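For reference, the structure discussed in these notes is given below.
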Amino acid sequence: SYEAPGEANVKKGVYRISNPMLQFWFRFIYPHMGEIGAISPDNFYEKYIADDIATHTGKYFCRVCSEYLSILNEKNCLPFVYTRCGEWVGKHGTIDIVAQNAKRDTLLGFCNYEFDGMSYEDYEKYLACAKQAYLKPMYCYLFSVTGFDERLERLAKENDTIQLVDMSQLYFILSAEGDFMGKAVFIAEKPSVAKEFAKVLKLNTSSKDGYLESDKAIVTWCVGHLVN
């Protein structure tokens, strides 16, 4: 956990499996090995994976958001250049990204992967978490897969210390870094999920044989099950 003044509220000894595939295996598959083969893949997914997959994937969304800030930091496109960055894990909440420079100027990032969008109430909870860590953010970067409510959008327009970042902005910055690779490719589980990807990324796609294509990206899908 990131070293912050609120030590009394921090969790001690946070350990995680760093490999995404191994973490998926031990979280969703290994505890239910006895039922593999006994029920269909669809039923296994609905019973043991579906309810928690967004929370699980959200942890990796935080890594993407952190990379976004790292790119802006390298290009001097943030309010200040930070020298330290990490995650603060508290007993009653988590600050996904804490970035500071030598003067302790603080930028906090909060990442929402849930499909309900980020609300003003969520923002208030984030501030309460920052208070537990005894961190006073000069700037807040709020990341959300499915956008923000109207109240939060109004607040961001009135207060330039609050930045709202949606999937299209993430995609623009991250894909710009990888221009040498050509178009970005996103692989979904099935056609309906691919269409949702394109919608969230605000891609103007046309339908092709087995994929959707825009001028910047290709969204395709698998045949069969990703996990069996």
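If you read the sequence from its start, that first residue is 1, and numbering goes on from there. Here the structure is a predicted model, which is why all the values come from computation and not from measurement.
- Note: Thr205 OG1 to Tyr211 OH = 11.5 Å, rounded to the nearest 0.5 Å.
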Evaluation steps, side chain to side chain contact (heavy atoms under 4.5 Å, CB included), between Tyr82 and Leu107: CA-CA 8 Å; Tyr82 64 77; Leu107 181 154; 5.6 Å; no
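- In this pair, Tyr48 and His32 present their aromatic rings parallel. The plane angle is below 30°, not in the 30 to 60° band.
- Residues Val81 and Leu72 do not share a hydrophobic cluster, defined by chaining ILVMFWY side chains whose heavy atoms lie under 4.5 Å apart.
- For Tyr123 and Phe148, the ring centers are positioned 6.0 Å apart or more.
- Side chain of Asp149 to backbone of Tyr120: a donor-acceptor contact under 3.5 angstrom is found.
- Side chains of Ile187 and Cys222 form a contact here, defined as non-hydrogen atoms less than 4.5 Å apart.
- Taken to the nearest 0.5 Å, the CG atom of Asn101 stands 8.0 Å off from the CE atom of Met138.
- Note on Phe61: it clusters hydrophobically with Phe186, by side-chain heavy-atom contacts below 4.5 Å among ILVMFWY residues.
- In this structure, the side chains of Asp122 and Leu142 stay at 4.5 Å or more apart for every pair of heavy atoms.
- Glu46 places no side-chain N or O within 3.5 Å of a backbone atom of Asn43 that could act as its donor or acceptor partner.
- Between the side chain of Asp166 and the backbone N or O of Gly147 there is no donor-acceptor pair closer than 3.5 Å.
- A donor-acceptor contact closer than 3.5 angstrom links the side chains of Thr161 and Asn159.
- No side-chain heavy atom of Ser144 sits under 4.5 Å from any side-chain heavy atom of Leu164.
- If you chain together hydrophobic residues whose side chains sit under 4.5 Å apart, Met167 and Tyr60 never meet in one group.
- In this structure, Leu212 and Thr220 have side chains that are not in contact, with every pair of non-hydrogen atoms separated by 4.5 Å or more.
- No more than 12 heavy-atom neighbours from other residues, nucleotides or ligands sit within 6.0 angstrom of CD on Glu150.
- Between atom CG of residue Asn204 and atom OG of residue Ser214 there is a gap of 7.5 Å, rounded to the nearest 0.5 Å.
- Side-chain N/O atoms of Thr106 and Gln100 include a donor and acceptor closer than 3.5 Å.
- Aromatic ring centroids of Tyr126 and Phe110 lie under 6.0 Å apart.
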